[in-house]
Amino acid sequence: MNVGEALSHGRLLLAGISDTPGRDATLLLSFVLGKPSEFVHLHPEAPVSESLIAEYTSFLERRSAGEPIAYLRGFQEFMGHNFLVDRRVLIPRPETEHVVETALDLLCNMPSPTVGDICCGSGAIGLSLAKRLPGAATVLTDVSREAVDLARENAERLGLSQRVTFLVGDLVAPLIEMGFAGKFDVLATNPPYIPTDEMETLSTTVRDYEPRLALDGGESGLQVIRRVVKEAPPALKPGGFLVMEIGHGQGEACLEMMRETGGWSETRVLRDYAGRQRVVVGRKAGLREV
Ligand SMILES: C[S@@+](CC[C@H](N)C(=O)[O-])C[C@H]1O[C@@H](n2cnc3c(N)ncnc32)[C@H](O)[C@@H]1O
């Protein structure tokens, strides 16, 4: 079989199963071949060995059963870096880059900020920030020890191990317990925010493969978000910022929570490129030290 035939075979097999059969087949074939995806389109006549076809076929079967491409390949690109991912962590989504970009805007004039990523998963947010902010001290936390283990591996691969601290625990609690109260310039987070009653409506690829703990945000999807709004202020410096990913339609509820909780100023909801509510920002009241 040559590359063109293998690609057509994959596309046909995944048609009706994946929304993007051509893209999926291209990514899997190029991964098996160890080549960039353009190779697959530019060299349809190139031969593919039997053993590689067998490997490709097994990936196509797993993809047909619903397994996400990122778990099959073992990595996901985010903010220009490849993050290791597997079933221990959520696959970082492109929308989450808005959280990173927003935090970077807020931190641009601070040479050595202290930055936290709570609910870190693979470490996509916190490690991307650490990479872009060489003077930053960064702390990543997650309640899942398995997720923190993988985030630590990602830090090593990105050459960040010396500058990043990892903690396991419930939301902000480990930060306070480890003496980081009042220390953060920015806390960035992408907490679980899917309403429990929508979990069953998710695609197989998400529902049956990604960790429920990373997705299920309880009633209305706001249970963890509500706790973050309440619990983040003690960890922030006066004038420090919370930058939190939210689901579309959750913006008003988040702003209302911040009003009710008190102690937040400059609260706002930012939209992603699709115009959907994506990030909520709030500033802890009080003057920042200079
Ligand atoms: C939506 S995922 C985000 C992962 C990563 N930050 C990203 O954006 O790709 C949410 C993460 O929150 C973690 N989590 C859920 N409940 C938590 C809690 N109470 N305290 C800390 N982490 C929690 C999950 O283990 C999961 O890794």
Side-chain angles (χ1 to χ4, degrees), residues 68 70-71 74-104 115-131 138-155 158 160 164-178 180 186-196 198-199 202 205-207 209-219 221-232 235 242-248 250 272 278-280:
Y71 290 163
F75 69 89
Q76 175 65 37
E77 198 264 355
F78 181 85
M79 292 296 295
H81 307 293
N82 281 339
F83 284 84
L84 297 178
V85 291
D86 59 32
R87 290 181 74 162
R88 290 174 286 178
V89 295
L90 186 95
I91 299 163
R93 307 295 205 267
E95 310 84 90
T96 302
E97 294 189 351
H98 286 278
V99 173
V100 178
E101 299 288 1
T102 304
L104 286 172
V115 179
D117 173 2
I118 47 183
C119 301
C120 69
S122 64
I125 295 175
L127 298 178
S128 299
L129 287 170
K131 205 69 194 163
T138 312
V139 185
L140 274 66
T141 77
D142 200 290
V143 76
S144 158
R145 182 172 294 279
E146 296 187 312
V148 170
D149 287 345
L150 190 56
R152 203 180 264 121
E153 250 187 89
N154 278 318
L158 292 168
L160 292 169
V164 179
T165 303
F166 293 93
L167 300 172
V168 177
D170 186 20
L171 296 184
V172 179
L175 302 177
I176 306 297
E177 281 158 21
M178 294 308 285
F180 289 103
V186 163
L187 280 179
T189 180
N190 175 16
Y193 57 72
I194 310 278
T196 301
E198 283 179 25
M199 288 294 295
L202 299 174
T205 298
V206 177
R207 189 190 57 225
Y209 287 88
E210 296 193 83
R212 188 174 181 105
L213 182 63
L215 295 163
D216 189 346
E219 199 190 334
L222 293 169
Q223 258 171 20
V224 184
I225 285 180
R226 180 170 287 108
R227 286 190 50 214
V228 173
V229 167
K230 277 207 179 124
E231 295 172 26
L242 172 67
V243 180
M244 177 162 57
E245 179 162 332
I246 57 169
H248 186 55
Q250 294 178 335
D272 61 23
R278 184 58 61 195
V279 178
V280 68

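Counting starts at 1 for both ligands and their atoms, following the listed order.
For the pair Arg93 and ligand 1, the shortest N or O to N or O distance does not fall below 3.5 Å. For ligand 1, the polar-atom distance check finds an N/O of Cys120 within less than 3.5 Å of one of the ligand's N/O atoms.
With rounding to the nearest 0.5 Å, the separation of CD1 in Ile125 from CG in Leu187 is 11.5 Å. Distance check, rounded to the nearest 0.5 Å: CG of Leu158 to CZ of Phe83 gives 5.5 Å. Atom CG of Leu140 sits about 9.0 Å away from atom CG of Leu129, to the nearest 0.5 Å. Expressed to the nearest 0.5 Å, how far CD of Glu95 lies from CD of Glu245 amounts to 6.5 Å. Separating the CG atom in Leu127 from the CG atom in Leu160 is a distance of 6.0 Å, to the nearest 0.5 Å. Separation of atoms CG (Asp117) and OG (Ser128) is listed at 9.0 Å; rounding is to 0.5 Å.
Taking each of Val168, Val224, Val143 in turn, the one with a heavy atom nearest to atom 17 (C) of ligand 1 proves to be Val143. Nearest to atom 25 (O) of ligand 1 by heavy-atom distance, out of Asp142, Val148, Leu167, is Asp142. With atom 4 (C) of ligand 1 as the reference point, the heavy atom nearest to it among Ala214, Cys119, Ala151 is part of Cys119.
Applying the salt bridge (charged side-chain N to carboxylate O under 4.0 Å, His left out) rule to Glu210 yields the partners Arg93; only residues at least two apart in sequence or on another chain are considered.
In this structure, Glu198 contributes its side chain and Pro195 its backbone to no donor-acceptor pair below 3.5 Å. Proximity of a side-chain donor or acceptor of Thr189 to a complementary backbone N or O of Ile118 within less than 3.5 Å is detected.
Every atom of ligand 1 is numbered from 1 in the order shown, and the set under 4.0 Å from a heavy atom of Ser144 is 25 (O). Contact atoms of ligand 1 toward Gly121: 4 (C), 27 (O) (distance under 4.0 Å to a heavy atom of the residue).
In terms of protein heavy-atom proximity, atom 9 (O) of ligand 1 is nearest to Pro92 CA, 3.6 Å. The nearest protein atom to atom 15 (C) of ligand 1, hydrogens excluded, is given as Leu213 O, 3.3 Å; this is a heavy-atom distance. Remark: minimum distance from atom 20 (N) of ligand 1 to any protein heavy atom is reached at Leu171 N, 2.8 Å. The nearest heavy-atom contact from the protein to atom 7 (C) of ligand 1 is Asn190 ND2, 3.7 Å.
Put simply, part of Gly169 is less than 4.0 Å from ligand 1, judged by heavy atoms. Residue contacts with ligand 1 include Asp170, since one of its heavy atoms falls under 4.0 Å from the ligand.
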